[in-house]
Amino acid sequence: MDEKYFAKKIEQKWQQKWAESGAFHAEPDATRPKFYALEMLPYPSGNLHMGHVRNYSAGDALAWYKRLKGFNVLHPIGWDSFGQPAEDAAVKRGVNPREWTEANIIAMRGQLERLGLSYDWRRQMAAHRPEYYKFDQWFFLKMYEMGLAYKKQTQVNWCSNDQATLSNEQASGGICWRCGNPVTKKDLEQWFLKTTAYTDQLLDDMAEIEAGWPASVLKRQSDWMGRSEGAFVDFDVMASGESLFACPIVDGLTSMSDQGKSRVRIFTTRIDTIYGANALVLAAEHPVIQANIDNFSEEVASKIAIIRTENARPADHEVEIEKDGIDTGLKAINPFSGEELPVWVGNYVMMAYGTGAVMSVPAHDERDFEFAKKFGLDIREVVQSASFSLSSADAAQAEDCTLNEAFSDYGVVVNSGEWSGMSSEEAKSAMTAFAEKSRFGQGATTYRLRDWGISRQRFWGSPIPIIYCDTCGVVPEKFENLPVRLPENAPITGTGESPLAKVPEFYETTCPKCDGPAKRETDTMDTFVDSSWYFFRYLDPTNEDVPFDIEKAAYWAPVDQYIGGDDHAVMHLIYARFWSKVMRDMGLVTFDEPVKRLLTQGMVVGETFFDDESGKRVYYPAAEVTVERDVKGRITSATTSVPGAVATGASDNPKSKIQNPKSLRHAIERMSKSKGNGVDPDEMVEIYGADAARIFVMFAAPIENELVWHEAGIEGAVRFLQRVWRLVHRWEPAFRVQASACSSPEQKQPEGCTLNGKRLRQKTHQTIKRVSDSFESLQFNTPVAALMELSNAIGDVEFENADDDTVFAVREALTSLVLMLTPFSPHTSEELYSVLIGNEDGMLANGARFPEFIDEMAKADEIEIPVQINGKLRSRVMAAPETSNETLEKMVFADEKVREYTDGKEVIKVVVVPKRLVNIVIKN
RNA sequence: GCUGGGGUGGCGGAAUUGGUAGACGCCCAGGACUUAAAAUCCUGUGCCUUUAGGGGCGUACGGGUUCGAUUCCCGUCCCCAGUACCA
C-alpha cells in the first residue's frame, strides 16, 4: 500500500479514470435538478496563466460541490479562438493562424487536463471552427431579417497600435481595451447590431438578476448605458446684425418653426431651470456651427477650429480640461421667457451626447457655473430649497446674487413666471407638457449606449455573410450556403486593410438573388460576437442545422453560475445579455437573462521591482530582491539573487548588488512573461501537484480580491494534503477491524461514546455546516480553513488505545473531510475515498454525497462562556448550552476570578447573553 | 471631481443579528527525531510591561451611541477600482 503521498501518480491515475468512464459527461435528465456552472472561456494563447487557474479552480469546486449535492451538473469549456494574437503571430512569424490556434488549443487543453478540471470535453467548442462560426453568421442573417443588423458610414474608433477598429465599449475612456493605446477616429462604413433597441430592457431587466450579480457590475453597466430622462427644447436661432446665418435641417438637431424660423434643439434634464438660462452652448461640431463657419468673424472661426481639434485629441485622464468657448454672435430666443440669449460654442459640450447643444444654466449646473464664471456671464437663481433658501426680498434680487457654487439639487422654482412656486418635479412635468402643447419641445430620454459596431478589417474572425451586387444592392447570403468559410491563404500584413479583400477566390461570388457577378463583404465580425452566445452552443455542440436545440436549452439554460474577471463587466456581459434578448425574441429561449448568478474573481498579479535602464525596463522578481530603505521609504540599496537579471556586473556571486537602487521601483502588475513576474501553472503542477496548487489558489485570498502571487504559501497546501493522506492511512486499518461499531454515520450519537468521540463529532458537523454555507455563498478560502481545522482536530485524537466510539467518530470525520475536500483537491479525495470505501470506481459512480449536517451532532454538551467585567474579559466558565440565565449568573458569581473583581464592589447590572457571554457592570 | 469598495499582526487573511479580535495558513524562533540534512512532529509567536501570577494598549485617525463597537452613527485622513465635462 502507498503510505507516501505521490501527487503526480494519483493525479494521472484519476485523470485517466475520469476520462475513461466519462465521469463528467452530462445529459439532460428530468429526474434531477440541473446546475449549469460556467467559467469565461479562455483565448488559446498557448499558455495558461494563474488567473485561469484561479477562475477554473473556483468553477470546478462549485461544479463538484453541486454534483456531490445530487445535481446534474453541466460544466463545459471552449475556446475564444478568433482574434488578433493569431494574426500577430502570422505577421511576425509567418505561421498559419488556424494551425497556430489549433496547436495552442491542444497545448492548453493538456494544461487544463493536468489540473484535473472536471469538464465535459465532448462539448468543447472553438470559435474559429466553421461549425461554430457558421452560426455567428446564422444569427447575423436572422438579425438582418429582424432589422437588427444594418450598415452605415461612421467615424469608428481606431487603434493605430493594433491597426484595429474598436467598438465604443472596447474604446472606453479613449483607450484601446487590448493595448492601452489612445484611440483615434477614422471614417469607415461598417455593420452595426442594434443594441440600442434593447437599452431599456437591458436596464430594466437588471431587477431580475440583482440578487445574483455584483452590484458594481450592474452599476457599471447602467452607467455605460446612461439613460437620462428629460426633454428636448427648440430655441429659435437667428443672426444678429448684418451677418449671414445658415441653418441646415438635421433630423433631431435642427428644424424649422411654424413661422419659418430656424430652430436648434437642446436636451435638458432640468427644464425647470430654463428661466435661469443665460446662453445656448453648442458643440464645435454642431451642424449649425459648421454651416456658418465662414460667416463668423475670423476670431470666432479660429477659436472654433481650435476647440474642434482639441476635442479630437485622445482623452488624458490625469488632466482636467479647462472650460473654453466663444460667443458666436448668433442669438437664440428662450421659448419660455422670450428672452434673447447669446449662442456660444463651448468645449464642454459634446456632439456625441444628446443633441450637441445645451442651455447654460450656471446657477444650477456645475459646468455651466464654471463656464459663466470664466466668461463673466450672469448667474440667475431660479431654484431654491429648504436648505438653500433666500428670503423673498433676496429672491427679488436673485439676479445679482453671487453664488459660490452651483445648486444642482431639486427645490422650489422661483423667478420663473407662472411656474414659480412649483417644486422642481412639478415644474418639470408641467413645463414639458407646456412645451409639447406649444410645439417647441417634448419629453425625451437619451442614452449613452450606441449600437454595436461589429465590422473588423481583420482576417481571423467570422466573415460577415453579406454580398454586394451591382444590380440588387446589399444581399444577404442564403442560409443554406453557410458557413461562408475563411480561405486558407490570405495575405495577412497587419496594416489595417481587410485581408479578405485581397483574396478574389473569397470575395468573387454570384448574387443569391439574380445570379449575376457580385462581391462578398470582406470585413469579419468582432470576436465579441463569438463570446456573446458560446455558452448556448455547449448545450448542443454538434447541431448542424441550428445554433442549438430549443429543448436542450430549455433544460440546461440559463447559466446558474458564471465566473470570470470583472474586466468583462461592461463589454462581454452587455453583449451577452443583448444576445439572449434577441434569442428570446427569435423564440429560441424563454427567459430574459442568460446568467442567474455572476461571480467576478480578482486578478492574479505579480510583484516585481523594476529599473528603467537606458529606456528598457529591467525586472526583478520581488522574491529575489532584498531592499533597504531610508526613513522616507526610498530604496537605498538592493541586492538580488538572480545574477542574470542584473544588467551589468553580473558575476558568480549569488547576491549581486543592483546598480541603481534609487531608480528601483516596486510594482504590482498583471502577470506577464516579459515582466518576469509570471508563474507557469504547469510548473506548479509539476512541483507541487494540481491539488496543492488548486487548494492554495483557493485558500490564499477571497476569490473577489486581487491575489498577489507569492509562492511561499503553497508549501502549506502540500503539507495539508500530506497530513490528510497520513491520517487516512493511519486510521484505515482500524476502520476495517471495527467496521460498524456504531453502524451508519447518519445514526445518532451511540450510547456511551467517549468524550473524545463526541467532541470530534461536534467538530465534524460544525465543519459540514461551515463548508456547505461557504459554498452556497461562493466563498472558497474559508471552507479550506475549516477543513484544515477539522484535520487538525482529527490529528489530535489519540490513535493508541482508541475505543470503538472514537474510531467511529474518526471514521466519520475522515470520510467527511475527504468528501468535503473533493471540490478543492479531487484527485487526492478520490484516492482516499477509494481507500476508505474499498473500491476504485470513483465517487460519482459510487453515488457519493456531500456529508449531511446533523444539527444535533453539532451541539456541544458544554460550552465556554466568557465573562466580562465592565466589558473586559476576566474569566471563562463552562456551562451546558441550555443553562438558564439565573443559573449561569450564579455560576459566574461563584467563579474565583470574578469574585476577585466583584467582592466589595457594587454590582450595577448583569447582562447575560444566552450561549454567548456574561457581562457584569460594577461600580469602581 | 464624481461613483463604488476598502484600511485588522512581519504577510495573505478570519470573526453569525453589535457579544472571547487575530481562526486557518505563510514567515520566524526554540525543541524532539537524525551521524547529519531534508521531511515530520511538538512549542511559541499582536504590541508594551512584569521575576511570576498578572496588568495595560490594540481593528487608519478623532468623536458619539451602548453593559459591550472591527461591526452602528458623525467627522477627518489614506488606498484601490470604475468613470471622464452625459447637459
Side-chain angles (χ1 to χ4, degrees), chain A residues 4 172-174 214-217 219-220 223-228 230-231 266-271 273 281 283 315-323 346-350 352-361 364-368 370-371 408 446-448 566-567 569-570 602-603 668 695-696 699-702 704-717 719-720 722-723 726 770 773 779 781-792 795 864-876 897 900 908-922:
Chain A
K4 204 159 159 33
S172 173
S216 61
V217 171
K219 170 133 200 336
R220 279 171 64 189
D223 283 353
W224 181 259
M225 291 185 263
R227 175 161 66 187
S228 54
I266 62 114
F267 176 71
T268 178
T269 52
R270 292 299 302 275
I271 195 170
T273 65
V281 186
D316 184 344
H317 281 216
E318 304 307 317
V319 187
E320 197 180 331
I321 301 158
E322 206 185 320
K323 296 276 177 300
N347 65 342
Y348 71 104
V349 179
M350 287 167 306
Y353 186 77
T355 59
V358 302
M359 63 179 192
S360 168
V361 186
H364 304 291
D365 181 281
E366 260 177 65
R367 295 148 301 172
D368 296 340
E370 260 181 70
F371 193 68
S408 50
T446 60
Y447 302 90
R448 187 189 131 106
D566 76 346
D567 41 339
V570 171
M603 264 201 282
I668 289 180
I695 284 193
F696 174 63
F699 177 62
E704 63 276 4
N705 282 20
E706 186 175 82
L707 172 58
V708 183
W709 183 260
H710 291 129
E711 217 159 298
I714 197 168
E715 301 272 5
R719 276 198 281 267
F720 170 54
Q722 284 172 339
R723 220 175 304 136
R726 277 197 308 272
R770 280 175 70 187
D773 289 351
Q779 283 179 292
N781 56 331
T782 46
V784 176
L787 292 170
M788 286 172 170
E789 279 186 52
L790 180 58
S791 93
N792 290 345
E864 192 185 71
I865 304 285
V867 183
Q868 295 182 335
I869 295 180
N870 287 350
K872 288 200 167 134
L873 179 70
R874 295 301 182 187
S875 184
R876 297 180 167 98
K897 278 186 185 168
E900 274 176 40
I908 298 169
K909 194 176 179 182
V910 180
V911 181
V912 181
V913 185
K915 297 184 198 173
R916 269 266 131 86
L917 61 47
V918 176
N919 188 15
I920 302 167
V921 187
I922 58 168

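Every chain is numbered from 1 and lettered A, B, ... according to where its sequence line falls, protein lines coming before strand lines. Scope of the values below: all heavy atoms of this structure, side chains included, with no hydrogens, waters or symmetry mates.
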So do V784(A) and F696(A) actually touch side chain to side chain, heavy atoms under 4.5 Å?
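Side-chain contact under 4.5 Å: no.
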Would you indicate whether the side-chain heavy atoms of V911(A) and Q868(A) approach each other to under 4.5 Å?
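Q868(A) vs V911(A): side chains apart.
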Tabulated below should be each protein N or O lying under 3.5 Å from an N or O of nucleotides 85-87 of chain B; please produce it.
from   : atom 1 : to      : atom 2 : distance (Å)
C85(B) : O3'    : R367(A) : NH1    : 2.8
C85(B) : O2'    : Y348(A) : O      : 3.3
C85(B) : O2     : K323(A) : NZ     : 2.2
C85(B) : N3     : K323(A) : NZ     : 3.2
C86(B) : OP1    : R367(A) : NE     : 3.0
C86(B) : OP1    : R367(A) : NH1    : 2.2
C86(B) : OP1    : R367(A) : NH2    : 3.2
C86(B) : O5'    : R367(A) : NH1    : 3.0
A87(B) : OP2    : S228(A) : OG     : 3.3
A87(B) : OP2    : Y353(A) : OH     : 3.0
A87(B) : O3'    : T268(A) : OG1    : 3.2
A87(B) : O3'    : T269(A) : N      : 2.4
A87(B) : O3'    : T269(A) : OG1    : 3.3
A87(B) : N6     : M350(A) : O      : 2.7
A87(B) : N6     : Y353(A) : O      : 2.8
A87(B) : N1     : M350(A) : N      : 3.2

I908(A) CD1 - G68(B) C1' separation (whole Å)
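Answer to the nearest Å: 14 Å.
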Atom pair distance, as rounded to whole Å: CG in D566(A) and P in G5(B)
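About 14 Å, once rounded to whole Å.
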Who does [N] pair with, Watson-Crick or G-U, both distances under 3.5 Å?
N	result
G12(B)	C24(B)
G46(B)	C57(B)
G18(B)	none
A81(B)	U3(B)

Hey, mind stepping through D566(A) and R220(A) against side-chain contact (heavy atoms from CB on, under 4.5 Å) and telling me if it holds?
CA-CA 10 Å; D566(A) 76 346; R220(A) 279 171 64 189; 4.1 Å; yes
Does any N or O in the side chain of [X] come within less than 3.5 Å of the main-chain N or O of [Y], such that one atom is a donor and the other an acceptor?
X	Y	answer
R770(A)	A785(A)	no
D365(A)	S360(A)	no
N705(A)	G602(A)	no

Nearest-Å distance once atom [atom1] is located in both [N] and [M]:
N	M	atom1	answer
G56(B)	A60(B)	P	22 Å
C33(B)	A23(B)	P	30 Å
G9(B)	U59(B)	P	9 Å
G68(B)	A29(B)	P	43 Å
G63(B)	A52(B)	P	33 Å
C80(B)	U8(B)	P	14 Å
C28(B)	G46(B)	C1'	14 Å
C72(B)	C79(B)	P	23 Å

When you check the phosphate oxygens OP1 and OP2 of G4(B), does a side-chain N or O of K219(A) lie under 4.0 Å from one of them?
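No, no such contact exists.
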Would you say S216(A) places a side-chain N or O within less than 4.0 Å of OP1 or OP2 belonging to G82(B)?
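So the side chain of S216(A) is outside the cut-off, no N or O lying under 4.0 Å from OP1 or OP2 of G82(B).
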For a quick check, with a 4.0 angstrom heavy-atom cut-off, what is the B/S/- contact string for nucleotides 45-62 of chain B, read 5' to 3'?
----------SSS-----
Treat primed atoms plus P, OP1 and OP2 as sugar-phosphate and everything else as base, then score nucleotides 7-33 of chain B 5' to 3': B for base contact with protein heavy atoms under 4.0 Å, S for sugar-phosphate contact only, - for none.
-----BSS-BB-BB--BBSSS------
Syn or anti for G9(B), please, going by whether the chi angle lies within 90° of 0.
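That one's syn.
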Could you pull out all residues at least two apart from [X] that satisfy side-chain contact (heavy atoms from CB on, under 4.5 Å)?
X	result
S228(A)	F267(A), T269(A), Y353(A), T446(A)
E704(A)	P702(A)
E900(A)	none

Shortest non-hydrogen contact from M350(A) toward A283(A)
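Minimum heavy-atom separation between M350(A) and A283(A): C-CB, 4.1 Å.
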Validate the cation-pi geometry between K323(A) and F371(A): distance from NZ or CZ to the six-membered ring centre under 6.0 Å, angle to the ring axis within 45°.
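Judged by the rule (NZ or CZ under 6.0 Å from the ring centre, within 45° of its axis), K323(A) is not positioned above F371(A).
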